[in-house]
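Input: a single structure, listed below in structure tokens.
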Number of protein chains: 2
Amino acid sequence: MVKSNTFHHGDLKRALYDVALSLLDQHGVSGVTIRAVARAAGVSHSAPVNHYKDRRALLTAIAQGQFEFILNEIETSLNKLDKLGIAPTEQKDRIKVFANAIMDFGFSYPHRYQLLWRADLIDHEDPALLVVMDKVYDKLCFEIERGMPDANVDKDTVAVALWSMAHGYVDMRLSGMFSPLDDTVIDKPRRYAMLELFLTVLT
Amino acid sequence: MVKSNTFHHGDLKRALYDVALSLLDQHGVSGVTIRAVARAAGVSHSAPVNHYKDRRALLTAIAQGQFEFILNEIETSLNKLDKLGIAPTEQKDRIKVFANAIMDFGFSYPHRYQLLWRADLIDHEDPALLVVMDKVYDKLCFEIERGMPDANVDKDTVAVALWSMAHGYVDMRLSGMFSPLDDTVIDKPRRYAMLELFLTVLT
DNA sequence: GAGTCAATATAGACAGCGTCAATATTTTGA
DNA sequence: TCAAAATATTGACGCTGTCTATATTGACTC
């Protein structure tokens with residue numbers, strides 16, 4: 001279906017998405033301009049409007065795609081634990097999966113991660129985006145519920161607190177806080193210690 | 001020293017700062033353009049360059065000012081606790097001061113708060129900015145050290161974890177996550193519960 | 001006081017941006 | 001076959017940050 005040297009591109013919508021993602025990784029979100037994306041895709045600066053009504057729509061689509069990726073990573077990790085036949089006492093590991101998925105993604109794709117929370121650039125009311133974000137949140141609540149069925153703590157509080165800590169840590173480190181970003185020597189043990197610290201509340 | 005109707009403004013640097021802060025509160029950081037600030041200050045679009053070398057410098061100065069405000073809030077709250085002659089067992093309250101200062105500021109001045117972490121817009125290497133950020137961090141570490149002198153946990157880990165949680169919660173809520181932003185009915189108890197949850201590790 | 005120099009402000013230009021309107025081309029389907 | 005819909009182009013608008021050249025003012029020296 002993909003054509004070249006024709007007036008019609010063939011699958012421009014997909015091409016725009018891919019090119020935008022590449023520009024995002026290379027130059028950050030400020031490099032993802034409608035015109036730059038169009039240039040890189042080899043079309044005129046007004047061509048994208050037929051597929052994404054404006055810059056916001058394009059960036060929202062990308063954010064949605066990234067959340068789907070994260071959700072998929074989480075499910076993959078949980079499935080691995082399933083196959084290992086994890087003991088109930090190790091339910092903590094299932095909860096760690098969420099924090100680690102967020103942090104791994106954030107440090108692997110810093111510009112993509114930062115885009116996810118830019119309310120001025122993406123539409124957090126977008127139904128498709130809401131669906132996938134809710135899926136992640138609900139999954140986290142489910143695992144917390146399973147991990148502390150009779151603890152005297154509000155499960156939502158634990159979910160919000162854990163996600164907040166994971167997000168906050170990534171976000172602040174990506175802004176240069178705490179230690180240089182390439183300092184994985186510090187990051188790995190600290191992540192481990194932070195999660196252990198947090199999960200002591202689940203005893 | 002302030003003059004009007006003259007070629008020289010008198011205290012344009014201060015005026016630019018104030019106007020920029022006002023525009024920031026009203027329209028978010030995208031409303032703080034060099035030209036809009038100049039317009040609102042009643043000078044030409046090129047006048048600001050004499051006082052802030054570019055947009056980044058102006059926004060960095062604002063970020064520094066806000067961190068100084070937050071630091072001041074923290075010190076004020078701690079002093080209040082001092083005068084109450086707080087018991088050692090209530091050292092937790094001194095630690096809560098930091099998280100509450102961050103959250104209070106974030107929800108009171110959402111646009112200012114979001115600016116603080118925009119590495120693409122402000123210069124996190126700026127010496128004056130680094131100084132005030134370090135002051136907050138060091139103060140937090142000091143209080144944690146005081147609160148758990150012989151606990152078997154790394155103090156930096158606790159500091160990073162707490163700040164991460166506070167920042168992450170504000171940042172995500174400002175992006176529309178968890179609940180509508182004006183829902184203080186949910187926020188207050190949740191903040192309280194989150195902090196209590198977190199501080200159980202300090203027993 | 002006169003003269004000089006730095007500080008400060010202005011005006012104009014440039015390229016880049018998002019978006020809109022008018023137009024052109026291609027595909028689709030009746 | 002032919003009209004309508006989808007897709008792409010060109011050009012324009014006002015906005016942006018920043019640069020250069022120019023003008024005005026204030027402060028300091030003689």
Side-chain angles (χ1 to χ4, degrees), chain A residues 1-20 22-24 26-63 111 115 118-123 126, chain B residues 1-20 22-24 26-63 111 115 118-123 126:
Chain A
M1 187 56 95
V2 176
K3 309 174 179 181
S4 56
N5 290 334
T6 63
F7 188 81
H8 279 23
H9 180 283
D11 194 2
L12 182 54
K13 183 161 192 173
R14 179 54 176 272
L16 292 172
Y17 182 99
D18 293 341
V19 158
S22 167
L23 286 175
L24 177 60
Q26 291 176 261
H27 307 109
V29 74
S30 71
V32 187
T33 67
I34 290 288
R35 297 176 99 107
V37 169
R39 266 194 306 272
V43 292
S44 79
H45 66 268
S46 306
V49 80
N50 296 298
H51 305 281
Y52 298 101
K53 103 172 194 294
D54 53 17
R55 184 175 183 239
R56 190 179 190 77
L58 172 59
L59 295 176
T60 301
I62 290 181
H111 292 127
L115 173 64
R118 288 289 300 277
D120 55 330
L121 293 182
I122 73 176
D123 178 13
D126 181 81
Chain B
M1 187 53 95
V2 176
K3 308 174 180 182
S4 57
N5 291 332
T6 62
F7 189 82
H8 278 25
H9 178 282
D11 195 3
L12 182 54
K13 183 161 191 172
R14 180 53 175 273
L16 292 171
Y17 182 98
D18 293 341
V19 158
S22 166
L23 286 174
L24 178 59
Q26 291 175 261
H27 307 108
V29 75
S30 70
V32 187
T33 68
I34 290 289
R35 296 174 99 108
V37 169
R39 267 195 305 272
V43 292
S44 78
H45 68 270
S46 308
V49 80
N50 297 299
H51 306 280
Y52 298 101
K53 100 172 197 295
D54 54 18
R55 186 176 183 238
R56 190 178 189 78
L58 172 59
L59 294 176
T60 302
I62 290 181
H111 292 126
L115 173 64
R118 288 291 300 277
D120 54 331
L121 293 182
I122 74 175
D123 179 13
D126 181 81

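Keep in mind the model is a prediction, meaning the values are calculated, not measured. Lettering follows sequence order; numbering is per chain, from 1. Below, all heavy atoms of this structure are taken into account, side chains as well, without hydrogens, waters or symmetry copies.
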Do [X] side-chain atoms and [Y] backbone N/O form a donor-acceptor pair below 3.5 Å?
| X | Y | result |
| --- | --- | --- |
| N50(B) | A47(B) | yes |
| R35(B) | H45(B) | no |
| T60(A) | R56(A) | yes |

Expressed in angstrom and rounded to an integer, what is the separation of [X] atom [atom1] from [N] atom [atom2]?
| X | N | atom1 | atom2 | result |
| --- | --- | --- | --- | --- |
| K13(B) | dA9(C) | NZ | P | 12 Å |
| R56(A) | dT19(C) | CZ | C1' | 15 Å |
| N50(A) | dT7(D) | CG | C1' | 5 Å |
| L59(A) | dC17(C) | CG | P | 14 Å |
| L121(A) | dG18(C) | CG | C1' | 13 Å |
| H27(A) | dC17(C) | NE2 | P | 12 Å |
| H45(A) | dT19(C) | NE2 | C1' | 9 Å |
| I34(A) | dC17(C) | CD1 | P | 11 Å |

[X] side chain N/O closer than 4.0 Å to the phosphate oxygens (OP1, OP2) of [N]?
| X | N | value |
| --- | --- | --- |
| T33(A) | dC17(C) | yes |
| R35(A) | dG16(C) | no |
| H51(A) | dA6(D) | no |
| R39(B) | dC15(D) | no |

> Can you name the one residue among D18(A), V19(A), L12(A) that meets side chain to side chain contact (heavy atoms under 4.5 Å, CB included) with L16(A)?
Replying inline: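 Testing L16(A) for a side chain to side chain contact (heavy atoms under 4.5 Å, CB included) against D18(A), V19(A), L12(A) leaves exactly one candidate, L12(A).
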
> Is the closest basic N to carboxylate O distance between R118(B) and D120(B) below 4.0 Å?
Replying inline: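 Salt bridge present between R118(B) and D120(B).
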
> Contact class for S46(B) (heavy atom, under 4.0 Å): base, sugar-phosphate, or nothing?
Replying inline: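 Counting heavy atoms under 4.0 Å across all strands, the contact made by S46(B) includes a base.
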
> Considering heavy-atom distances to DNA chain C, does V49(A) or A36(A) have its closest nucleotide positioned more toward the 5' end?
Replying inline: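 Per heavy-atom nearest nucleotide, the more 5' residue is A36(A).
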
>> Please compare R55(B) and P48(A) by the position of their nearest nucleotide in DNA chain D and report the one closer to 5'.
In response: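 Taking each residue's closest nucleotide, the earlier one in sequence belongs to P48(A).
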
